[in-house]
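Data first, discussion second: the structure below is written as structure tokens.
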Amino acid sequence: MRCHLNVKSLKRENLMQKNSYLDYKRIIAQLVSGVLAETNIDAEMIYGLLEYPPNQELGDLALPCFQLSKVLKKAPPLIAAQLQTQIDPAPYFAEVQTAGAYLNFRLAPEPLITNVLGKILECGSSYGAQNLGDGEKIVIDYSAPNIAKPFHVGHLSSTVIGNVLYNIFNFLGFISVGINYLGDWGTQFGKLITAYKKWGSEAEVKQGLIKELTRLYVKFHTEAEADPTLDEEAREWFRKIENGDEEALKLWKWFKEISLEEFQRVYDILGISFDSMAGESFYNDKIKAVVDELKEKNLLEESDGASIVDLELYGMPPCLILKKDGSSLYATRDIAAALYRKKTYQFSKALYVTGMAQSLHFQQWFKVVELMGYDWAKDLVHVPFGLVNLKGEKLSTRTGRVVLLEDLLTTAIQKTLEIIEEKNPDLPQKAQIAQDVGVGAVVFGALSVNRIKDVTFSWEEALNFDGETGPYLQYTHARACSILRKADFQGETGINFEPEKLNEPAALKVVKTLYLFPERIIAAATEYEPSIICRYLIDLAQDFNWFYHECQVLVADQDLSRARLVLVSAVKTLLATGLGLLGIKAPEQM
RNA sequence: GCGCUCGUAGCUCAGUUGGAUAGAGUGUUUGACUACGAAUCAAAAGGUCGCAGGUUCGAAUCCUGCCGGGCGCACCA
């Protein structure tokens, strides 16, 4: 079940009223509803019907009149034709044409150009930012790697998708709270301690760090297949951790520190940070209260010795709260965490960015929170994404079939460095830029496809820098910067330029794409879908590169040159802003 | 078995609340660096939108069934 943020209405309301950006849909909605004032068709309905035509020749915006015909009891083409005669296109539209049942609007270039480019120059890096959130808090739970296990490419999606949502919501006037819900509790630590005591040593762990911990963890599983008493022992060690046994706690803390240091290296490379690192262990002392509350509200039942919340009424399997031995499960911890976060942050939305495999789990405990009587259960949203596999096989820590994220990132950086040596050997700060571009390629690759799709990891694809990739966007940005640098263009506000100088199709196409930026950002937020921004930036870069090849910017005609520089500057600004939202650097040279 | 999810060009994917002739990238073939960066651009070729019904003025999109892939379904997270 895909939950949706209730911003559909918010979106429309804000675009209709608060939006300070040029909004042609609003203008058309008002024009058309003005003409239809006698009917019960209002501006909001028209607004919702407007769409972008499939190709440029038809126009820039279209109103299909099929739906209107039901209300007006007239043939759609007739409605379109009548509207056409009654609407005065000036000053925003160059012409209004009909094509069958469609009423097509062609934008007048000058108001568009003046408005969009002027606003981008004026706002700079805050262009597109809005106050839709009005300071409401959105808690975003993402990344959440397991302690003592390697940080591999499977963790990339959650980490970067969560980070983008964090950025977007801040950009739109919400206050994002980023939480890294570390997997730092549970029987796997019992297993690890057992393995450590049997086959490990302090020196080896200090030497091998996570690799050594992983080796021990894997060994535990292979040995436990033959010897089930190991599982007993592991449970016992975990019980000791829970009961505060000194030796057990000491080891647990040590393993956790080792892991956090390694994770931090990866987060530093990615440029990602969190507001809270409260992992599962943090909620340990908050579980009892949840269990008591569930009992008090008569939601808890006994079943095969375990305590459950029955969800049969809702077509779901029961939600396990306590095991036979009385210890808690992950749903219990998630509920405790949600209660704590609600109390602590007063969020208006809580997002959980995890794999799709956990969908049922989230549906179950969301329902339990609802049954506990909390109306904010509706504000809990699972943001799922597809699985990463390796050549069609599952990633597996136990069998070692994983690609470490750090290896991927350093390889990408290394490859970038080689390309720079080959193409641009005099580039200053090569190392930094190689990191920006290499990491950008990996991050963009993880964000660019619809998050629900499963992906097969391939080195070849991850290290491809041609076509629709992060480096393509960065290259386009660097190119734009290069022109501006040569012209010594500062992008001062209030600069005068002549919009009619940008009348070529290529220039106009770029401006029209620039215009779409704010609404694409909002779409990415309402759908929790970073790929919408990726897609948009690719479109923008493609349009700009076409313009780049069509139109020489640095030309003798001062007015023409200045107008084109303004356009280049605007593209540069939005590419940088967009990449920034994606968590990707936009170097000025590469 | 039940549930969730995906199936669009050789490959990877877009396709806006159902709307006009289904679009990119990559790969293949070809062209463009004495023009602001060739990590670029242009052109050609490439599709029974898994299959079959249904709803609708209109379906890649919604509904039903089937086929195929992935995932989940009691003490792991």
Side-chain angles (χ1 to χ4, degrees), chain A residues 1-2 8 48-49 51-55 58 62 64 66-67 69-70 75-76 99-102 104 144 146 183 185-188 191 280 303-308 315-325 327-331 333-334 354-361 363-364 384 386-387 389 392 394 416 419-420 422-424 437 441 448-450 452-456 458 461 464-469 471-472 474-476 478-487 519-520 523 527 531-532 534-535 538-539 541-542 545-546 548-555 561 564-565 568 589-590:
Chain A
M1 164 88 81
R2 191 113 148 232
K8 284 266 156 75
L49 292 175
E51 58 190 40
Y52 298 101
N55 71 58
L58 291 165
F66 304 99
Q67 309 249 355
S69 92
K70 283 176 192 148
Y102 292 86
N104 292 322
N146 287 322
W185 204 248
T187 39
Q188 76 261 29
K191 293 177 181 177
E280 294 175 45
S303 174
D304 292 341
S307 300
I308 64 160
M316 285 185 275
C319 184
L320 277 277
I321 300 295
L322 293 175
K323 303 185 208 172
K324 265 183 206 150
D325 66 4
S327 57
S328 62
L329 283 122
Y330 66 133
R333 267 192 289 278
D334 271 330
T354 80
M356 204 168 45
Q358 295 185 49
S359 291
L360 177 60
H361 162 68
Q363 277 184 64
Q364 287 177 305
L387 260 77
N389 55 57
K394 270 171 101 169
T416 308
I419 295 174
I420 290 173
E422 179 198 327
K423 303 195 178 200
N424 197 0
V437 176
S448 60
V449 301
N450 205 314
I452 208 71
K453 300 244 180 187
D454 289 344
V455 294
T456 296
S458 101
E461 236 172 279
N464 173 34
F465 298 170
D466 298 328
E468 297 172 341
T469 64
Y472 173 75
Q474 291 169 316
Y475 177 76
T476 306
R479 244 182 175 182
C481 288
S482 178
I483 295 178
L484 298 173
R485 199 163 48 240
K486 285 203 164 70
E519 72 175 53
R520 291 302 171 85
E527 291 171 43
S531 67
I532 291 176
C534 296
R535 215 72 232 169
I538 291 291
D539 286 346
Q542 283 174 342
N545 282 319
W546 182 44
Y548 182 94
H549 282 270
E550 287 296 306
C551 307
Q552 180 76 11
V553 175
L554 305 176
V555 290
S561 192
R564 287 178 175 172
L565 280 166
V568 173
Q589 298 180 62
M590 60 186 269

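When side chains are defined from C-beta on, A:Pro384 does not count as touching A:Gln358, because their heavy atoms never get closer than 4.5 Å. Two residues are said to be in side-chain contact when any heavy atoms from C-beta on lie closer than 4.5 Å; A:Val553 and A:Lys486 fail this criterion. Looking at heavy atoms from C-beta onward, A:Val449 lies out of side-chain contact with A:Ser531 at the 4.5 angstrom threshold.
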List the protein contact pattern of nucleotides 35-48 of chain B with one symbol per nucleotide (5' to 3'): B for base contact, S for sugar-phosphate-only contact, - for none; contact means a heavy-atom distance under 4.0 Å.
SBBSBBS-------
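Not one side-chain nitrogen or oxygen of A:Asn450 sits closer than 4.0 Å to the OP1 or OP2 atom of B:C13.
A donor-acceptor pair under 3.5 Å is absent between the side-chain atoms of A:Gln589 and the main chain of A:Ser482, judged by distance alone. The backbone N or O of A:Asp466 lies less than 3.5 Å from a partner atom in the side chain of A:Asn464, making a donor-acceptor pair. The main-chain N or O of A:Gln552 is found under 3.5 Å from a side-chain atom of A:Arg564 such that the two form a donor-acceptor pair.
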Check: protein-nucleotides 70-77 of chain B nitrogen or oxygen pairs below 3.5 Å:
| unit_1 | atom_1 | unit_2 | atom_2 | d |
| --- | --- | --- | --- | --- |
| B:G70 | O2' | A:Asp454 | OD2 | 3.1 |
| B:A74 | N1 | A:Ser303 | OG | 2.7 |
| B:C75 | O2 | A:Lys324 | N | 2.7 |
| B:C75 | N4 | A:Asp304 | O | 2.7 |
| B:C76 | OP2 | A:Lys323 | NZ | 3.1 |
| B:A77 | OP1 | A:Arg333 | NH2 | 3.0 |
| B:A77 | O3' | A:Glu280 | OE1 | 2.8 |
| B:A77 | O3' | A:Glu280 | OE2 | 2.7 |
| B:A77 | N7 | A:Tyr330 | OH | 3.4 |
| B:A77 | N6 | A:Tyr330 | OH | 2.0 |

Between the protein and nucleotides 54-56 of chain B, which nitrogen or oxygen pairs come in under 3.5 angstrom?
none

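Atom C1' of nucleotide B:U21 and atom CG of A:Leu58 are separated by 9 Å, given to the nearest angstrom. One can place CD of A:Gln363 at 18 Å from P of B:C2, the figure rounded to the nearest angstrom. Distance CD (A:Gln67) to P (B:U17): 13 Å, rounded to an integer number of Å. One atom, OH of A:Tyr52, and another, C1' of B:A20, lie 17 Å apart when rounded to the nearest Å. For the pair A:Phe66 CZ and B:U17 P, the interatomic distance rounds to 17 Å; values are reported in whole Å. Separating the CD1 atom of A:Ile538 from the P atom of B:A24 is a distance of 14 Å, rounded to the nearest angstrom. Taking atom CZ of residue A:Arg520 and atom P of nucleotide B:U16, one finds them 11 Å apart after rounding to whole Å.
Separating the P atom of B:C51 from that of B:G47 is a span of 14 Å, rounded to the nearest Å. B:A59 and B:A14 have their P atoms separated by 23 Å, with the value rounded to a whole Å. Taking the P atoms as reference points, B:C49 lies 14 Å from B:G7, given to the whole Å. Nucleotides B:G65 and B:C2 are separated by 11 Å at their P atoms, to the nearest Å. When the C1' atom is used for both B:A52 and B:G10, the distance is 27 Å, rounded to whole Å. Taking atom C1' in both B:U40 and B:A35, the straight-line distance is 14 Å, to the nearest Å. Comparing B:A22 with B:A9, their P atoms sit 15 Å apart, to the nearest whole Å. Remark: the separation of the P atoms in B:C63 and B:C71 is 24 Å, to the nearest Å.
Among all heavy-atom pairs drawn from A:Asn104 and A:Ala62, the shortest one is OD1-CB, 3.2 Å. The minimum heavy-atom distance linking A:Ile538 with A:Glu468 is given by the pair CD1-CA, 3.7 Å. Shortest non-hydrogen contact noted between A:His549 and A:Arg479 is NE2-NH2, 3.7 Å. Scanning both residues, A:Leu320 and A:Ala331, for their nearest heavy atoms gives O-CB, 3.8 Å.
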Tell me, what's RNA chain B's dot-bracket, Watson-Crick or G-U with both distances under 3.5 Å, | for other-strand, [ ] crossing?
(((((((..((((.....[...)))).(((((.......))))).....(((((..]....))))))))))))....
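Across all strands, A:Asn104 comes closer than 4.0 Å to base atoms (heavy-atom distances). Across all strands shown, A:Ala62 has heavy atoms under 4.0 Å from base atoms, whether or not it also approaches the sugar-phosphate.
A:Asn545 and A:Thr476 form a side-chain donor-acceptor contact under 3.5 Å, judged by distance and modelled atom types alone.
Of the candidate nucleotides B:G7, B:U17, B:U5, B:G7 has the atom nearest to the side chain of A:Lys453.
To the nearest 0.5 Å, atoms CD1 (A:Ile321) and OG (A:Ser303) are separated by 12.5 Å.
Partners of A:Gln188 under the side-chain hydrogen bond (donor to acceptor under 3.5 Å, both in side chains) rule, at least two apart in sequence or in another chain, do not exist in this structure. For A:Ala478, the side-chain contact (heavy atoms from CB on, under 4.5 Å) partners are A:Met590, not counting sequence neighbours.
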Apply side chain to side chain contact (heavy atoms under 4.5 Å, CB included) to the pair A:His361 and A:Asp334, showing each step before the final yes or no.
CA-CA 10 Å; A:His361 162 68; A:Asp334 271 330; 2.7 Å; yes
